[in-house]
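Have a look at the structure below, then the notes.
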Amino acid sequence: MIEARHLRVLRAVAATGSFSAAGRELGCTQPAVSQQMKALETSVGTPLLIRSGREMRLTQAGEALVRHAAGILAGLTAAEEEVAAIAGLRAGRVRLVSFPSGSSTLVPTALAALRAAHPGTRVFLEEAEPPQSVGLLREGDCDIALAFRYEGAGGGDEWDDLVVRPLLTDRLVALVPEPHRLARAESVSIGELAGESWIAGCPRCRGQLVEVCEGAGFTPRIDFATDDYPAVVGLVGAGLGVAVLPQLAVESVRPRGARTVTLEPAVRREIVALTLPDLAQVPAVAATLEQLARAADR
């Protein structure tokens with residue numbers, strides 16, 4: 001295998017015409033230059049220099065290697081500089097996947113702080129709900145996935161192979177039209193909404209809603225289902241039903257015509273940032289995780 005240090009010595013010998021002059025240029029001794037040239041010739045399996053008295057000239061193989069050495073060394077230098085820039089957060093790329101309510105609340109604050117601290121780091125954002133977002137992470141299609149899971153739900157070991165950065169606990173609230181009989185209540189139990197028309201959210205949230213309602217002794221009559229939180233709020237505001245939404249989702253939408261009411265007993269979901277163990281060591285990924293955690297603390 002050809003080593004970069006050997007190529008640098010070969011170029012110096014070709015440019016200066018002697019081992020001693022090459023040594024002075026490189027800041028090493030003449031025997032060290034001779035030793036490295038022998039190692040390079042052994043590596044390529046053919047002579048690279050013809051020594052005749054004090055004169056030294058390149059063989060055809062030596063000329064070919066010197067010709068390629070400039071591009072190889074320039075490429076290595078560029079690679080070293082790019083890696084150093086990434087390591088020093090002067091450059092870098094992070095692919096982030098988030099669920100919608102995280103995209104509209106946590107992500108903007110985190111990315112604004114990241115850009116201010118490290119303007120050379122670029123973040124590419126896509127939206128996907130878990131478990132799709134977690135699948136994208138495992139398949140190598142993103143570097144960080146914002147995800148959530150409900151307290152008490154099964155699958156506690158589903159993220160055991162990942163680095164889990166806890167961000168916050170998000171409590172669910174009831175959302176009812178302003179004229180509703182419970183709109184001014186301090187709190188409401190899920191059972192008090194048993195006879196209502198329901199507007200459900202994403203498939204995972206919909207499953208959680210059905211599970212909670214069935215635990216209270218009834219099956220919700222879901223008249224509308226949409227993954228779009230503003231649409232859920234709009235449907236409730238128009239008096240078409242009630243909903244249960246994460247507090248984070250309500251924060252991202254102005255609930256016109258609707259009111260939030262504390263849900264008892266509490267139903268919570270854990271919001272986390274996930275990445276792979278090796279990716280957690282990448283400076284740009286680590287910095288993004290840190291800013292997401294700070295955004296969640298505000």
Just do the side-chain hydrogen bond (donor to acceptor under 3.5 Å, both in side chains) check on Arg221 and Ser197 with the steps written out, would you? CA-CA 6 Å; Arg221 188 181 82 246; Ser197 297; 2.4 Å; yes
Evaluate the criterion side-chain contact (heavy atoms from CB on, under 4.5 Å) for residue pair Cys28 and Val33; output intermediate values, then yes/no. CA-CA 7 Å; Cys28 58; Val33 172; 3.7 Å; yes
Arg171 and Glu264: CA distance, side-chain angles, deciding distance, salt bridge (charged side-chain N to carboxylate O under 4.0 Å, His left out) verdict: CA-CA 10 Å; Arg171 182 168 177 162; Glu264 297 289 356; 2.8 Å; yes
Stepwise side-chain contact (heavy atoms from CB on, under 4.5 Å) check, Leu146 with Val107: CA-CA 9 Å; Leu146 277 190; Val107 171; 3.7 Å; yes
Output, in order, the C-alpha distance, side-chain angles, deciding distance and verdict of salt bridge (charged side-chain N to carboxylate O under 4.0 Å, His left out) for Arg67 and Glu63. CA-CA 6 Å; Arg67 189 168 62 251; Glu63 290 175 351; 5.9 Å; no
Audit row: Ile2, Leu65, side-chain contact (heavy atoms from CB on, under 4.5 Å) steps and yes/no: CA-CA 10 Å; Ile2 299 173; Leu65 197 52; 4.0 Å; yes
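To the nearest 0.5 Å, atoms CG (Leu7) and NE2 (His68) are separated by 11.0 Å. Interatomic distance, Leu106 CG to Gln291 CD, rounded to the nearest 0.5 Å: 12.5 Å. Distance CZ/Arg5 to CG/Leu40: 10.0 Å, rounded to 0.5 Å. Arg204 contributes atom CZ, which lies 15.0 Å from atom CG of Leu209 (distance to the nearest 0.5 angstrom). With rounding to the nearest 0.5 Å, the separation of CZ in Arg181 from CD in Glu196 is 5.0 Å. The distance from the CD1 atom of Ile190 to the CZ atom of Phe218 is 5.0 Å, given to the nearest 0.5 Å.
The hydrophobic clustering, which links ILVMFWY residues whose side-chain heavy atoms are closer than 4.5 Å, places Val66 and Leu76 together. Two different hydrophobic clusters hold Val97 and Leu162 under the rule that ILVMFWY side chains link at heavy-atom gaps under 4.5 Å. Following chains of ILVMFWY side-chain contacts shorter than 4.5 Å, one can reach Val267 starting from Val210, so the two form part of one hydrophobic cluster. Hydrophobic clustering (ILVMFWY, side-chain heavy atoms < 4.5 Å, transitive): Leu48 and Leu58 are in one cluster. When the side chains of ILVMFWY residues are joined at heavy-atom separations under 4.5 Å, either directly or via intervening members, Val253 and Trp198 end up in two distinct hydrophobic clusters.
For the pair Glu41 and Arg51, the salt-bridge criterion is met [side-chain N within less than 4.0 Å of a carboxylate O].
With Ser133 contributing its side chain and Ser98 its backbone, the two residues share no donor-acceptor pair below 3.5 Å. Of the possible donor and acceptor atoms, one in the side chain of Thr42 sits under 3.5 Å from a partner among the backbone N and O of Lys38. Judged by distance alone, with hydrogens and angles left aside, the side-chain atoms of Asp170 form a donor-acceptor pair with the main-chain N or O of Leu248 at under 3.5 Å. A donor-acceptor pair under 3.5 Å links the side-chain atoms of Thr105 to the main chain of Ser101, judged by distance alone.
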Identify all side-chain donor-acceptor contacts of residues 225-243 below 3.5 Å with residues at least two apart in sequence or on another chain.
from, atom 1, to, atom 2, distance (Å)
Thr226, OG1, Asp228, N, 3.0
Asp228, OD2, Ala231, N, 3.1

Could you pull out all donor-acceptor pairs under 3.5 Å where a side-chain atom in residues 108-132 meets a protein atom, sequence neighbours excluded?
from, atom 1, to, atom 2, distance (Å)
Glu127, OE2, Ser103, OG, 3.1

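Ala61 approaches Thr46 most closely through the heavy-atom pair CB-CG2, 3.8 Å. Nearest heavy atom pair, residue Arg165 against residue Ala293, reads NH2-CB, 3.6 Å. Closest of all the heavy-atom pairs between Ile144 and Ala273 is CG2-CB, 4.3 Å. In terms of heavy-atom proximity, Leu168 sits nearest to Ala296 at CD2-CB, 3.8 Å. When all heavy atoms of Val173 and Val250 are compared, the closest pair comes out as CG2-CG2, 3.9 Å. The nearest pair of heavy atoms linking Val261 to Ala183 is CG2-O, 4.1 Å.
Put simply, the side chain of Gln35 does not reach to within 4.5 Å of the side chain of Phe19, judged on heavy atoms. Under the 4.5 Å side-chain criterion, counting only non-hydrogen atoms from C-beta, Arg8 is not in contact with Gln36. Taking 4.5 Å as the limit, every side-chain heavy atom of Thr169 sits out of range of all side-chain heavy atoms of Ile271. Looking only at side-chain heavy atoms (C-beta outward), Val212 and Val244 stay at 4.5 Å or farther from each other. Val163 has its side chain out of reach of Leu274: every pair of non-hydrogen atoms, C-beta onward, lies at least 4.5 Å apart. Between Leu182 and Leu193 there is a side-chain heavy-atom pair separated by less than 4.5 Å. Taking the side chain as every heavy atom from C-beta outward, Thr262 and Glu186 never approach each other to under 4.5 Å. At a threshold of 4.5 Å between non-hydrogen side-chain atoms, the residues Glu211 and Gln208 count as touching.
Partners of Phe148 according to the ring pair (Phe, Tyr, Trp, His ring centres under 6.0 Å) rule, which considers only residues two or more places apart in sequence or in another chain, are Phe99, Tyr150.
Crowding of Asp161 atom CG: a count of heavy atoms from other residues, nucleotides or ligands under 6.0 Å exceeding 12. In the displayed structure, Glu178 atom CD is contacted under 6.0 Å by more than 12 heavy atoms of other residues, nucleotides or ligands.
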